[in-house]
Amino acid sequence: MGNMNKLWKGMLFGALAGGAVSLFDRDTRQAVTSSCKKGAQTATYYIKHPNEAVTQVKETTQKIRTTIEQVSEDVSFISGQVEELKGLTPAVKDLVEDTKEVFTKDKEG
C-alpha cells in the first residue's frame, strides 16, 4: 500500500511541477489567467443570481434524465428486436430449407 501512496504523491508532484514549468511560457500564463478570470466572473454572476444557477442545474438535470430515458428506450427497443430476430431465425431457416427442397425436387423431376 505504501508504494501506491508514493506513486500517487509522485504523480501529483509531477503534475504540479509540470504545471509550474508550463507557466514560464507567456501564452500559457495568459491562457490560464484568462480562464481563471472567466471562471471567477461566472462564479460571481451565479453568486449574485442564485435563482439562475438553480434553474441551470434543473435544466441540465432534466436534459440528463431525458437522455437516459431515451437511451433506455432505445436499448429496450433493440433488445426486443434481437429477441424477435432470434425467434424468426428458426422460421427463416425452415423456410429456406423448404424452398431449397422444392427447387431441388423441381430440378430432379
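Bear in mind that the values here come from a model prediction, so they are computed numbers and not experimental data.
Not one N or O on the side chain of Ser34 forms a donor-acceptor pair closer than 3.5 Å with the backbone of Gln30. Judged by distance alone, with hydrogens and angles left aside, the side-chain atoms of Ser35 form no donor-acceptor pair with the main-chain N or O of Ala31 at under 3.5 Å.
The side-chain heavy atoms of Glu52 and Gln56, taken from C-beta on, include no pair separated by under 4.5 Å.
Note that CG of Leu12 is 11.0 Å distant from CG of Leu7, once rounded to the nearest 0.5 Å. In this structure, NZ on Lys58 lies 9.0 Å from CG on Asn51, to the nearest 0.5 angstrom.
Cluster partners of Ile68 are Ile64, counting Ile, Leu, Val, Met, Phe, Trp and Tyr whose side-chain heavy atoms approach within less than 4.5 Å, directly or via other members. Here Val54 sits alone; no ILVMFWY side chain lies under 4.5 Å from its own, so it joins no hydrophobic cluster.
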